[in-house]
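Numbering of ligands and ligand atoms starts at 1, following listing order.
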Amino acid sequence: MARLAVNVDHVATVREARRINEPDPVIAAGIAEIAGADGIICHLREDRRHVKERDLWLLRKIVKTKLNMEMAAVEEIIRIALDVKPDVVTFVPERREEITTEGGLNVLAKLDYYKEVVKRMKDAGIKVSFFVDPDPEQIKAAKECGVDIVEIHTGHYAEAKTEEEADERFLQIKRSAEFASSLGLKVSAGHGLNYVNIKRFREIPHIEEYSIGHSIVARAIYVGFEMAVREMVELVRDF
Ligand code: PXP
């Protein structure tokens with residue numbers, strides 16, 4: 001049985017389309033928990049394009065399950081995380097020009113820096129996850145940095161143009177999840193997952209948690225946020 005953590009960034013994106021106070025990602029988080037979500041995720045970007053500090057502080061106050069803050073490993077955001085103290089931080093690469101996170105962290109390229117950042121978080125009692133591509137070298141490097149969790153990037157699988165490519169990408173994710181688990185890491189996965197492409201993940205019992213945002217917010221337009229979360233919870237609980 002896997003868990004679902006709901007990313008509420010896209011609720012904030014809709015709010016920011018008008019720069020007013022609705023819809024509110026904080027209210028969405030409460031509804032997601034009522035619908036059975038096991039965690040809430042938000043990404044405080046350096047450019048604050050969707051989630052704001054106000055959201056993060058309020059989420060810290062109201063989330064009863066587990067708050068996971070996605071973030072770039074930059075000093076300004078690290079200080080905010082150390083103040084807010086989410087249950088988990090997930091380090092992701094961040095580029096201002098990107099529409100959404102495009103790939104996993106290059107942990108190997110900045111091993112010493114990441115080791116120090118992980119230590120700062122863990123000293124503050126915060127669990128650490130690295131968002132990585134399904135690449136054993138990066139997973140090994142994440143382990144060396146002392147992370148608790150690796151979140152495997154599923155975006156390339158989700159975007160595959162052919163069935164063969166999807167199969168190949170899926171196999172990479174499966175092998176990487178098995179490898180990370182064999183190193184004693186907790187494994188989660190996310191990016192681009194929806195109500196259809198998630199179904200085959202029942203073949204990967206090593207993945208304990210899924211991080212899903214866009215497809216849930218998209219479905220919520222048709223069926224309501226609570227129902228959209230409930231349907232996804234049912235899918236992942238069945239794994
Ligand atoms: N995991 C990470 C690290 C992400 O950056 C995102 C996107 O914010 C997600 C998961 C969720 O992706 P999606 O919105 O496509 O479900």
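The cationic group of Arg219 lies under 6.0 Å from the six-membered ring centre of Tyr195 and within 45° of the ring axis, placing it in a cation-pi geometry.
With contacts defined as side-chain heavy-atom distances shorter than 4.5 Å, the pair Ile173/Phe201 qualifies. Annotation: side chain of Asn68 is not in contact with side chain of Ile40 (no heavy-atom distance under 4.5 Å). Side-chain contact check for Arg60 versus Asp87: some heavy-atom pair is nearer than 4.5 Å.
The side chain of Glu151, and not its backbone, has at least one atom closer than 4.0 Å to an atom of ligand 1 (non-hydrogen atoms only; side chain from C-beta on).
No heavy atom of Ser215 sits closer than 4.0 Å to any atom of ligand 1. Between His191 and ligand 1 there is a heavy-atom distance shorter than 4.0 Å. At least one heavy atom of Asn7 sits less than 4.0 Å from an atom of ligand 1. By the 4.0 Å heavy-atom criterion, His10 is counted among the residues contacting ligand 1.
Between the choices Gly192, Ser211, Gly213, the shortest heavy-atom distance to atom 15 (O) of ligand 1 belongs to Gly192.
With no hydrogens or angles considered, a side-chain donor-acceptor pair links His153 and Asp133 at under 3.5 Å. Side-chain N/O atoms of Thr65 and Glu33 include a donor and acceptor closer than 3.5 Å.
In terms of protein heavy atoms, atom 2 (C) of ligand 1 is closest to Glu70 OE2, 3.1 Å.
Residue Val92 approaches ligand 1 through these ligand atoms, each under 4.0 Å from one of its heavy atoms: 3 (C). Numbered from 1 in the order shown, with element, the atoms of ligand 1 that lie under 4.0 Å from a heavy atom of His214 read 13 (P), 14 (O), 16 (O).
Ser211 contributes no side-chain N or O that, together with a main-chain N or O of Ala5, makes up a donor-acceptor pair within less than 3.5 Å.
Polar contact with ligand 1: absent for His43 (N/O pair, distance under 3.5 Å).
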